[in-house]
Amino acid sequence: MSRYDPAITEARWQKAWDEAGVFTARRDENRPKYYVLEMFPYPSGRIHMGHVRNYTMGDVVARYKSSCGYSVLHPMGWDAFGMPAENAAMEKGGHPKEWTYGNIAVMRDQMKPLGLSIDWSREFATCDPEYYGQQQAMFLDFMEKGLVYRKAAVVNWDPVDMTVLANEQVIDGRGWRSGAEVERRELTQWFFRISDFAGELLEALDGLKDWPEKVRLMQANWIGKSRGLQFAFETAGAPAGFDRLEVYTTRPDTLMGASFAAISPDHPLAKALEASDAGVADFVAECRRVGTSEEALEKAEKKGMDTGIRVRHPLDPAWELPVYIANFILMDYGTGAIFGCPAHDQRDFDFATKYDLAIPPVFVAEGAEEAPLGEAFVPMKSERVRYVRGFAGATVQTGEEAVNAAIAHAEAKGYGRGVTNYRLRDWGISRQRYWGCPIPVVHCADCGVVPERKENLPIRLPDDVTFDVPGNPLDRHPTWHDCACPACGRPARRETDTMDTFVDSSWYYARFTSPRAKTPTDAADVDYWMNVDQYIGGIEHAILHLLYSRFFARAMHICGHLPAKAIEPFNALFTQGMVTHETYATRGADGRPIWQLPEDVIRDEGGARLKDGTPVEIGPSIKMSKSKKNVVDPMDIITRYGADTARWFVMSDSPPERDVEWTASGADAAQKHLARVWRLAHEVTTRGAGDPSHDQALLKALHRTIAEVTAGIEGFAFNKAVAKLYEFTNTFSKSDASAGAKRTAMLTMAQLMSPMVPHLAEDVWAMLGGEGLVAQAAWPKADPAMLVEDSVTLPIQINGKRRAEIVVPKDMPPAEVEKIALSDEAVIRFLAGQPVKKLIVVPGRIVNVVV
RNA sequence: GCCCGAGUGGCGGAAUGGUAGACGCAGCGGAUUCAAAAUCCGCCACCGCAAGGUAUGUCGGUUCGAGUCCGACCUCGGGCACCA
């Protein structure tokens, strides 16, 4: 064979790895273990470039760590429950199960040719009854430990399709299929008590040293710890049972700036008024037409309605404030009621302006005088301000001090108490859908809500369901929900809610350590393999998935399924950027966008159109997603160029943490380079002796490359590792070193390339007579002696501008460097006799002359 | 609206506060070839004949020195709890 031919060799090496069992994870007490995990994929149907990028990154780490002597666990599975399977069934017929497992088979077949070092024997899908049965067992454990409860919560309700909608399915306040205006509706739903762990989940973030700072910050903000005052207003004119109105505020120091109180449309008081007041009922109904998402609520026009009720100010019983129902008050935060201080909160300011309420300032900037405000004055809490309507603490103090003084005042006078509040809400896991893990409880007329017996698990999903009408197929199944009460044995009804798919993905990392165990985990296996040493996934999961997993690990520990060391399951986290692509849309008859696949769009100078000429609107480049159809199929590249080219390509150029916009060019170039390396290796076996006097230069370059590539991989700078390999390839190609040195250099280069392009590396290794498989060879070490340089080029700046450069011995004392610098011809010319005011010599770096 | 990021040549990007543009793509020129493909060599931020000047989204600041640190803003992206 005399040319690079991945089509033949890649399959051959994959077989060789397979037969040698190179990637089978083994518990080996004599070796350190390393668990590398990429966020498992949703089986959408085909792999996309984001997958290739994600799994190649993980594979580089896994192969590298394996070379470094670790016993590596690198598994793969499928996050297989979720709405798209049901949507497909509704649109095209068929069954979610067939659709899902069919997609898994296709995607597995697409992933295997990538040559990933995955232990496929551990593969599972979350929709396997063996998996979700263990999840149900844990749900029962959680119930027993009081980590689960039921309460009423609001959902998006489509009144035409008579079905619950996901936020994603609500577009501009309307159902995505029916187009009907969505309503908020209350249902009794299941919750996990994640908010009980809010403080701990927040504090433990400090220990996650190998997580990106931005993710820790996002999680901290999401948990949203705040210290404030909770107190009750006495009401006047309120319905029976509402003689007090509890409010929570983080700015009790602004109490004297209150000009109104406001409650959420979902507040019990609002509901009570709704029953007797048609005006309130209309207003509340209008508020409920906004979706349930925080974004929708925050963006909606701020509206309020005066209830006619008044509350007495806690510091002055004669002072009465009006009570509004306002659409921007969230029932889930604090008490669902606030007092409004328009002078120091922009939202309150807008509200007060709209409804013509007073805007009395509480404090002014230090040194300023009280004046009418054109907008809310909201300085940092750490800033000192002068209180003109203060009531606790010094006249001039920081907001922080004033808040503490106000809380102390309230507690001393007995009208309120300091409270620590979290923004984090309990995790609602109920879904009124079929394709999810059934919640293993039974509703009995006599015994109430009863947990299913563990021996009856898994509670399997029925196969005979239909999707011709919207709504939950489990609910309308004729017999599935019929069962015997586990407590009294009488006929009862099975819970038809299924679990949020985030539950499935909150513990799969633990399951990979013993995927066939008859319990959720196996003690010896989790103890050996946990924690995940390196977790890799998209930044879009920075908050929810990772926070839920952190909670779940704690809950599993409480139930004995994880050791204490695993309550933070991911030691190191890397968030890769997304693969983005332009979006293409045509317009439907109703003006709504109809997304189009890139492969169906023809681009030309004028814009873009479909094959039939329909004009296409080009949207911004955003995350590739099924719903926007802006996806590109990586299989074309793999079948045309081979896996190594695709792998090399996705590791080149873009830093892994940054978004990369997919473009079709570049794959050719990647393959050219790999073919070049192959050719250079082949030449080593055929060329003559060469010149040994050039060996040292080549080997020095090689050792620098070892150091740089190793640092690149360790630091998740794969693009830089690739660039260094390009550089060394150029050096190698130009080198006239001896055959022996070239063989050594090429063998080492094959090793350095092997995490990225493992098949080519094996080719080269075998060609040059390397021992065994590269996949099992020890990672090369850079010899420190070979990294030392004797001289260094120093730029000389004059007033910060580069004017000259000098070459000096590496260890030359600064005084001598100064002398040489000042006697440099170009320096003398630029100085033109001006006196030198200051001379800065940064050894090995730079000289700066200031005149 | 709120929270978190990112902006550097034609393009992807590199640069512990110390020579801005490594490396790659595209482009241009050359070698080889009957010709092409493939390969190899060279050039390649902008303005300027040159000396030199201007350049890291914008505007300010700190510093001997700023792409990097600080402040304000602009644009784009992610998340906002039922998309996964």
Side-chain angles (χ1 to χ4, degrees), chain A residues 39 41-42 44 79 81-84 153 155-156 164-170 189 194 212-215 217-222 224 292-300 302 328 332 346-347 423-433 500-502 505 538-545 547-548 575 577-578 580 620-623 625-627 652-655 657-661 663 665-666 668-670 672-673 675-676 679 717 719-720 722-727 730 733-734 793-805 837-840 842 844-851:
Chain A
M39 292 179 184
Y42 178 78
S44 54
D79 186 15
F81 276 135
M83 290 201 308
V155 293
N156 299 304
V164 176
L165 296 178
N167 284 336
E168 188 194 46
Q169 299 171 314
V170 180
Q189 307 199 63
I194 187 172
E213 183 56 39
K214 65 174 168 185
V215 174
L217 195 55
M218 279 192 261
Q219 293 220 348
N221 288 337
W222 186 261
T292 57
S293 77
E294 189 169 313
E295 183 188 7
L297 293 171
E298 290 278 342
K299 277 188 176 166
K302 308 289 175 280
F328 57 89
D332 291 310
Q346 191 56 42
R347 212 161 44 178
R423 203 185 76 98
L424 180 67
R425 313 199 293 254
D426 276 336
W427 176 9
I429 61 155
S430 282
R431 298 292 180 271
Q432 294 70 41
R433 278 183 252 286
D500 178 8
T501 57
F502 272 120
S505 56
I539 183 66
E540 70 272 25
H541 294 294
I543 297 176
L544 291 178
H545 161 62
L547 192 62
Y548 289 150
T575 52
M578 284 165 300
T580 66
S621 189
I622 56 170
K623 169 181 141 186
S625 79
K626 297 169 289 293
S627 58
S652 310
D653 296 341
S654 280
E657 68 277 11
R658 205 180 294 183
D659 286 355
V660 56
E661 180 171 4
T663 56
S665 67
D668 271 323
K672 270 184 199 173
H673 178 72
R676 183 179 184 216
R679 216 166 36 243
N719 56 322
K720 284 187 255 174
V722 166
K724 295 303 174 187
L725 285 163
Y726 267 108
E727 220 166 77
N730 286 332
S733 155
K734 290 186 174 74
T793 304
L794 288 186
I796 301 174
Q797 295 184 331
I798 296 171
N799 286 342
K801 283 194 188 291
R802 191 179 75 93
R803 296 302 187 188
E805 60 183 37
K837 279 191 202 149
K838 199 169 172 184
L839 193 58
I840 293 143
V842 184
R845 278 293 182 188
I846 205 164
V847 179
N848 194 9
V849 186
V850 186
V851 294

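Within every chain, numbering begins at 1; the chains are lettered A, B, ... in the order of the sequence lines, protein sequences first and strands thereafter.
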Under 4.0 Å, heavy atoms only, any strand: does [X] hit a base, just the sugar-phosphate, or nothing?
| X | result |
| --- | --- |
| P41(A) | nothing |
| R423(A) | base |
| V164(A) | base |
| K724(A) | nothing |
| S652(A) | nothing |
| Q169(A) | nothing |
| F502(A) | base |
| S505(A) | nothing |
| A542(A) | nothing |
| E805(A) | base |
| D332(A) | nothing |
| H541(A) | base |
| W222(A) | base |

Taking only the [atom1] atom of each, what is the distance from [N] to [M] in whole angstrom?
| N | M | atom1 | answer |
| --- | --- | --- | --- |
| rU68(B) | rC2(B) | C1' | 29 Å |
| rG78(B) | rU58(B) | P | 24 Å |
| rG12(B) | rU63(B) | C1' | 33 Å |
| rA45(B) | rG61(B) | P | 31 Å |
| rG57(B) | rA6(B) | P | 12 Å |
| rA26(B) | rC11(B) | P | 15 Å |
| rG10(B) | rG77(B) | C1' | 23 Å |
| rA51(B) | rA14(B) | P | 32 Å |

[N] phosphate, OP1 or OP2, under 4.0 Å from [X] side-chain N/O:
| X | N | value |
| --- | --- | --- |
| K801(A) | rU54(B) | yes |
| N221(A) | rC4(B) | yes |
| N719(A) | rA14(B) | yes |

Let me know the distance between [atom1] of [X] and [atom2] of [N], rounded to the nearest Å.
| X | N | atom1 | atom2 | answer |
| --- | --- | --- | --- | --- |
| E295(A) | rC82(B) | CD | C1' | 15 Å |
| L544(A) | rC83(B) | CG | P | 9 Å |
| Q346(A) | rG1(B) | CD | C1' | 12 Å |

Quiz item: For the residue pair Y726(A) and H673(A), does the interplanar ring angle fall in the parallel (under 30°), tilted (30 to 60°) or perpendicular (over 60°) class?
Solution: tilted
Under a 3.5 Å cut-off for both distances, is [N] Watson-Crick or wobble paired, and to whom?
| N | answer |
| --- | --- |
| rG1(B) | rC80(B) |
| rG71(B) | rC59(B) |
| rA26(B) | none |
| rG18(B) | rC64(B) |

Exercise. List the protein contact pattern of nucleotides 60-70 of chain B with one symbol per nucleotide (5' to 3'): B for base contact, S for sugar-phosphate-only contact, - for none; contact means a heavy-atom distance under 4.0 Å.
Key: ----BS-----
Exercise. Hey, which sits more toward the 5' end of RNA chain B by its nearest nucleotide, I846(A) or G428(A)?
Key: I846(A)
Self-check item: Nearest-nucleotide 5' precedence on RNA chain B, A670(A) against Q432(A)
Solution: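 Result of the comparison: A670(A).
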What are the atom names and distances for every N/O pair under 3.5 Å that joins the protein to nucleotides 5-9 of chain B?
{"residue": "rG7(B)", "atom": "OP1", "partner": "R658(A)", "partner atom": "NH2", "Å": "3.3"}

Tabulate protein N/O versus nucleotide N/O from nucleotides 28-33 of chain B, keeping only pairs under 3.5 Å, one per line.
none

